[in-house]
Structures are given as structure tokens and as C-alpha cells.
Amino acid sequence: MKLEPGTDALVLVDVQVDFCPGGALPVPEGDRVVPVLNRLLRLAGVLAVATRDWHPPDHCSFAGRGGPWPVHCVAGTPGAAFHPDLDLARIEHVITNKATARDEEAYSGFQGTDLAAFLRGRGTRRIFVGGLATDYCVKATALDGRKAGFQVYLLTDAIRAVDVHPGDGDRAIAEMRAAGVVPIKSADLEFPVSAAGPGPTVR
Ligand SMILES: [Zn+2]
């Protein structure tokens with residue numbers, strides 16, 4: 001499949017320190033998505049946006065408030081930062097912060113953010129989703145992308161699952177497929193000729 005610079009976008013979900021090995025809520029092999037995404041960021045020549053989990057210190061998803069997760073991705077802390085190897089210079093602009101309200105959980109990058117409006121404003125029709133974690137925020141973002149009217153592709157080599165219950169990641173992929181999300185490997189993407197040069201303009 002050939003990427004179309006005018007209408008395609010990469011959506012990087014929550015590639016943050018706390019979701020990688022050594023972080024507060026590590027996704028097994030979470031850091032393995034970084035080189036795959038960096039390659040796409042450098043070569044794909046399409047719009048790239050990134051979301052991040054960005055919680056207040058007393059967020060409702062934390063165990064201390066009866067939520068399912070340990071404290072993670074507290075706004076402004078080192079754990080909430082993007083993985084240090086992620087090629088941020090290639091990510092155009094959007095840092096979409098989600099789940100920023102104390103009493104509201106948000107797994108989807110589209111929930112309570114300007115992501116859909118931003119993408120539409122740029123003429124985006126297809127989004128290619130990668131990041132962390134397959135069975136939570138990637139799934140929710142991909143499903144909401146469909147609901148927002150985008151064609152959604154799942155970058156299967158650029159995602160990893162939490163797998164709280166074994167098989168959660170595979171079930172998530174099945175659920176996404178059932179909603180019309182198309183799994184694709186990054187190696188199956190063809191880059192536009194114009195991207196073979198030094199890469200997209202850094203902003
Ligand atoms: Zn969270």
C-alpha cells in the first residue's frame with residue numbers, strides 16, 4: 001500500500017516512559033515500538049501526530065482511588081514524557097493530552113481532545129495507528145477513529161499489548177478488525193518518492 005502524503009496520517013498513541021519497561025505501568029516490550037515508529041516518521045513523509053496519557057496526581061484510574069492502574073503518566077513528570085528515543089522532531093505539532101480530568105478516564109486519543117478536528121482540518125482521510133497499548137489506548141483510538149469517519153489501519157509491528165489476561169491483545173485486534181480497522185505491517189507500506197530525500201520538514 002502506497003502512502004498518500006496529502007491525506008494520510010500517522011497516529012502515535014502514548015509512546016511514553018511509564019508504558020515502557022522500567023516505567024510505572026510497563027507494557028511488555030513496549031519500547032520495541034520505538035524503532036519501528038521512528039523509521040516511519042523518517043520515511044513516510046506524511047503528517048504525524050502523537051497522543052499522551054496526561055493525568056492529574058489523583059486521577060480516578062489510579063489504585064488509590066479504586067481504579068485499575070498504579071499511578072502513571074502524571075502530567076509533567078518524567079514518566080509522562082515520550083520515550084527518549086522517539087523522533088519527536090518528526091512529529092508535527094499535535095501533542096494531544098488525554099485523561100487530564102481528575103474524574104474521567106479516557107483511553108482514546110479522540111476522547112475529549114481536538115484530534116479529529118485537527119486531522120479533518122488537514123484533509124486526513126486515512127490514519128495509521130501504532131503505539132501503546134494494543135488492548136487499551138490503541139484499541140480505543142482505532143475504534144474512535146472509525147467512528148469519526150476515518151479509514152483506520154493498525155500497524156501490527158508497532159504495537160504491544162498489556163495482556164492483563166493472556167490473549168487480550170489478540171482479542172483487541174479481532175475487535176478492531178470487526179469494526180473495519182485494517183491490520184497492516186509497516187514493511188508493507190510504500191513511501192512516496194518525495195519522502196526518499198531528507199524527510200519531511202522539521203517544525
Ligand atoms: Zn492512564
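Both ligands and their constituent atoms are indexed starting at 1 by order of listing. Hydrogens, waters and symmetry mates play no part in the numbers below; they use all other heavy atoms, side chains included.
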Distance-only check: which donor-acceptor pairs under 3.5 Å involve side-chain atoms of residues 63-78, not counting sequence neighbours?
residue	atom	partner	partner atom	Å
Arg65	NH1	Asp58	O	2.8
Arg65	NH1	Arg102	O	3.1
Arg65	NH1	Asp103	OD1	3.0
Arg65	NH2	Asp103	OD1	2.6
Trp69	NE1	Tyr107	OH	3.0
His72	ND1	Pro70	O	2.8
His72	NE2	Asp53	OD2	3.0
His72	NE2	His55	NE2	3.2
Thr77	OG1	Val74	O	2.6

- Could you check which N/O/S atom of Asp53 is closest to the Zn ion (ligand 1)? OD2

- Would you call Asp14 and Arg52 a salt bridge, using N to O less than 4.0 angstrom? no

- Message: Given 3.5 Å as the limit, does a donor-acceptor pair link the side chain of Asp135 with the main chain of Asp163, or not?
- Response: yes

- Item | Under 3.5 Å: donor-acceptor pair, side chain of Ser108, backbone of Phe110 | yes

- Flag His55 as yes if one of its N/O/S atoms falls below 2.8 Å of the Zn ion (ligand 1), otherwise no. yes

- Message: Let me check your reading of the structure: within less than 2.8 Å of the Zn ion (ligand 1), is there an N/O/S atom from His72?
- Response: yes

